[in-house]
There are 2 protein chains.
Amino acid sequence: MTENIEVILTQKNINPTAMRLLVLDFLLKQSSAISLTDLEKGLDPSDRITLYRALKKFEEKGLVHSIDDGSGATKYALCENDCEAGHHHDLHVHFFCNTCRETSCLPKHHIPQISLPDGFKTEEVNLIVKGICNKCI
Amino acid sequence: MTENIEVILTQKNINPTAMRLLVLDFLLKQSSAISLTDLEKGLDPSDRITLYRALKKFEEKGLVHSIDDGSGATKYALCENDCEAGHHHDLHVHFFCNTCRETSCLPKHHIPQISLPDGFKTEEVNLIVKGICNKCI
DNA sequence: CTGATTTTTGCAATGCTATTGCGCTGTTGT
DNA sequence: ACAACAGCGCAATAGCATTGCAAAAATCAG
């Protein structure tokens, strides 16, 4: 099992250290996006800053993407697609449940094209739907 | 002039205090959404907390809406539509310029309908487009 | 194998934002 | 005039993101 995780990291040009293997393993087990604090609690005797840097490195290398769901804390989730270092291709909708406060990716739901007024150039789109998820209904 | 501002407040059931008149006056002069820090700088010798509470009261009464553009600071802008206390009807797109870091409302651009998977209930949608605005191109 | 260099890690510290508590003040209503 | 209440300003707190620095670990060169 650990070998698979290691392969994922090396394929993304990330040095597979013990800490990073733990972080990736934890991410793989999640069904929703998690915050740095969640990660810290899940991998208890670990340093928050180290985890923070692991996530940043993963994001930089195109392994995870970060989501600002308005909860105050940035959430992170594994990329589904073939994201490359520096360029994320996962323009999908994110859903934030107002009840359980979990953020999930809806990769099937692509972000519709938004036509802006003249002179505006789109570089990035952030679409967060908030409401009640299927587990909390 | 001050009378007009006062009328706006009383129509929204907000006690027109000197501070609130100042805040509303400042908001009316803006062409883009502003943060609490912007407001504090614009109304210099004012207490940040008081301004914060003025904005919160305005939001509660349906006079302004708050925007989380991912910049870290919540932005505020006057509602265009007939928002009521507690219920905001201004589901429009917001644009964040990566260059000048200004956030503007695009009230003409309504948020498209997002069909969620079964069991998900939408309560709110937050759509932020990031890029270069017409002034920075 | 050994010393040097780079990478990773852990701790301390900082900065910014949001938010609440509390007492003072000024206004309103009786 | 007095009581009740709303608004204001100050202090304080909490959470998150981010950086600097030094020790530790891994990698590389000779």
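If you're wondering where the values come from, they're calculated on a predicted model, not measured in any experiment. We name chains A, B, ... by the order of the sequence lines, and we start the count at 1 in each one.
Residues in residues 116-130 of chain A take part in these side-chain hydrogen bond (donor to acceptor under 3.5 Å, both in side chains) pairs, two or more places apart or across chains: A:Glu123-B:Asn98. The list of side-chain hydrogen bond (donor to acceptor under 3.5 Å, both in side chains) pairs with a residue in residues 21-31 of chain A, not counting sequence neighbours, reads A:Asp25-A:Lys29. Among residue pairs with one or both ends in residues 115-137 of chain B, those qualifying as ring pair (Phe, Tyr, Trp, His ring centres under 6.0 Å) are A:Phe95-B:Phe120; sequence neighbours excluded. Sequence neighbours left out, not one pair with a member in residues 27-53 of chain A passes ring pair (Phe, Tyr, Trp, His ring centres under 6.0 Å). Counting only residues at least two apart or in different chains, side-chain hydrogen bond (donor to acceptor under 3.5 Å, both in side chains) contacts with residues 40-49 of chain B comprise B:Thr37-B:Arg48, B:Glu40-B:Arg48, B:Asp47-B:Thr50. The salt bridge (Lys or Arg N to Asp or Glu O under 4.0 Å) analysis of residues 66-76 of chain B, with sequence neighbours excluded, yields the pairs B:Asp69-B:Lys75.
Grouped with B:Ile132 in one hydrophobic cluster are B:Ile137, the linkage being side-chain heavy-atom contacts under 4.5 Å among Ile, Leu, Val, Met, Phe, Trp and Tyr residues. With side-chain heavy atoms closer than 4.5 Å counting as contact, directly or through intermediates, the hydrophobic cluster containing B:Ile128 also holds B:Ile67, B:Phe96.
By the side chain to side chain donor-acceptor pair (under 3.5 Å) test, B:Lys56 pairs with no residue at all, sequence neighbours left out.
The nucleotide range of DNA chain D contacted by chain A, defined by atoms under 4.0 angstrom from heavy atoms of the protein and reported 5' to 3', is D:dC16 to D:dG20.
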B/S/- contact track for nucleotides 10-21 of chain C, protein heavy atom under 4.0 Å = BBB----SSBBB

Taking only N/O atoms, report every protein-nucleotides 25-29 of chain C pair under 3.5 Å with atom names and distance.
none

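With values rounded to the nearest 0.5 angstrom, A:Lys61 atom NZ is found 14.0 Å from A:Cys79 atom SG.
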